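Report on the structure given below.
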Amino acid sequence: MTSDKESFFERVYMVTSRIPYGRVTTYGAIARCLGSSGSARMVGWALNNCHSLEEFIPAHRVVNRNGFLTGKNHFGTPTAMQQLLENENISVADDRVVRFRELFWDPCSGR
DNA sequence: GGTGTGACAATGG
DNA sequence: GCCATTGCCACAC
């Protein structure tokens, strides 16, 4: 359909930026929503390029399927990601999102 | 055009 | 039940 020129990266940025406040999602969920359930790694890689984007991407709302802040290291400071999450009423303990299961937001359902 | 990578996920032992 | 390994797919060099 329209706008199929966008690369997977663009879609990842789009979905990630659509994550509602106070919610989190997983790389696999986004990848699966994009149709590439096996490319969960691509989602993280796309966010890696998010540093080159002019627009801010709430990548701190994206964690691995365990709810761990795996990519906190890529935020510049290992505490930036946790601080951002706590700033959104999301409790983070031991680099893990508390009640991650409840805060989980499906990019496909949240459309 | 081929190789390597990469912020994961799933399966096996 | 936990640790280790493979698979995966799209992008960058």
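None of these values were measured; they are calculated from a predicted model. Letters A, B, ... are given to chains in the order of the sequence lines, protein chains preceding strands, and every chain is numbered from 1.
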Polar side-chain contact R41(A)-dC9(C) base: donor and acceptor under 3.5 Å: no

Nearest-0.5 Å distance that lies between atom OG1 in T77(A) and atom CD in Q82(A): 10.5 Å

Integer-rounded Å distance: dC8(B) P and F104(A) CZ: 15 Å

Nearest-Å distance for atom pair CD/C1', residues Q82(A) and dA7(B): 16 Å

Test disulfide bond (SG atoms under 2.5 Å apart) applied to C33(A) - qualifying residues, sequence neighbours left out: C108(A)

Per M42(A) side chain, nearest of listed nucleotides dA7(B), dA9(B), dG6(B): dG6(B)

Among V12(A), L47(A), T26(A), the one residue meeting side-chain contact (heavy atoms from CB on, under 4.5 Å) with V62(A): L47(A)

N or O in side chain of T70(A) less than 4.0 angstrom from dC8(B) OP1/OP2: yes

Gap between atoms CG and P, on N64(A) and dC8(B) respectively (whole Å): 6 Å

Which nucleotide in dA10(C), dC8(B), dC11(C) has an atom nearest any side-chain atom of F9(A): dC11(C)

Nearest-Å distance for atom pair NE2/C1', residues H51(A) and dA12(C): 16 Å

5′-ward residue of the pair R32(A)/L47(A) relative to DNA chain B: L47(A)

Listed nucleotide nearest any side-chain atom of F75(A), set dA7(B), dA9(B), dG6(B): dA7(B)

Nucleotide dT5(B), atom C1' - distance to NE2 of H74(A) in whole Å: 12 Å

Interatomic distance, N66(A) CG vs dC3(C) C1' [rounded to whole Å]: 13 Å

Nearest-Å distance for atom pair CZ/C1', residues F8(A) and dC11(C): 12 Å

Euclidean distance, atom CZ of residue R65(A) to atom P of dC8(C) [Å, nearest integer]: 18 Å

Pairwise side-chain contact, F104(A) with V97(A), heavy-atom cut-off 4.5 Å (strictly under): no

4.5 Å side-chain heavy-atom contact, P58(A) and T16(A): yes

Whichever of V63(A) and W45(A) has its nearest DNA chain B nucleotide further upstream toward 5': W45(A)

Sugar-phosphate only, base, or nothing, as touched by A46(A) at under 4.0 Å among non-hydrogen atoms: nothing

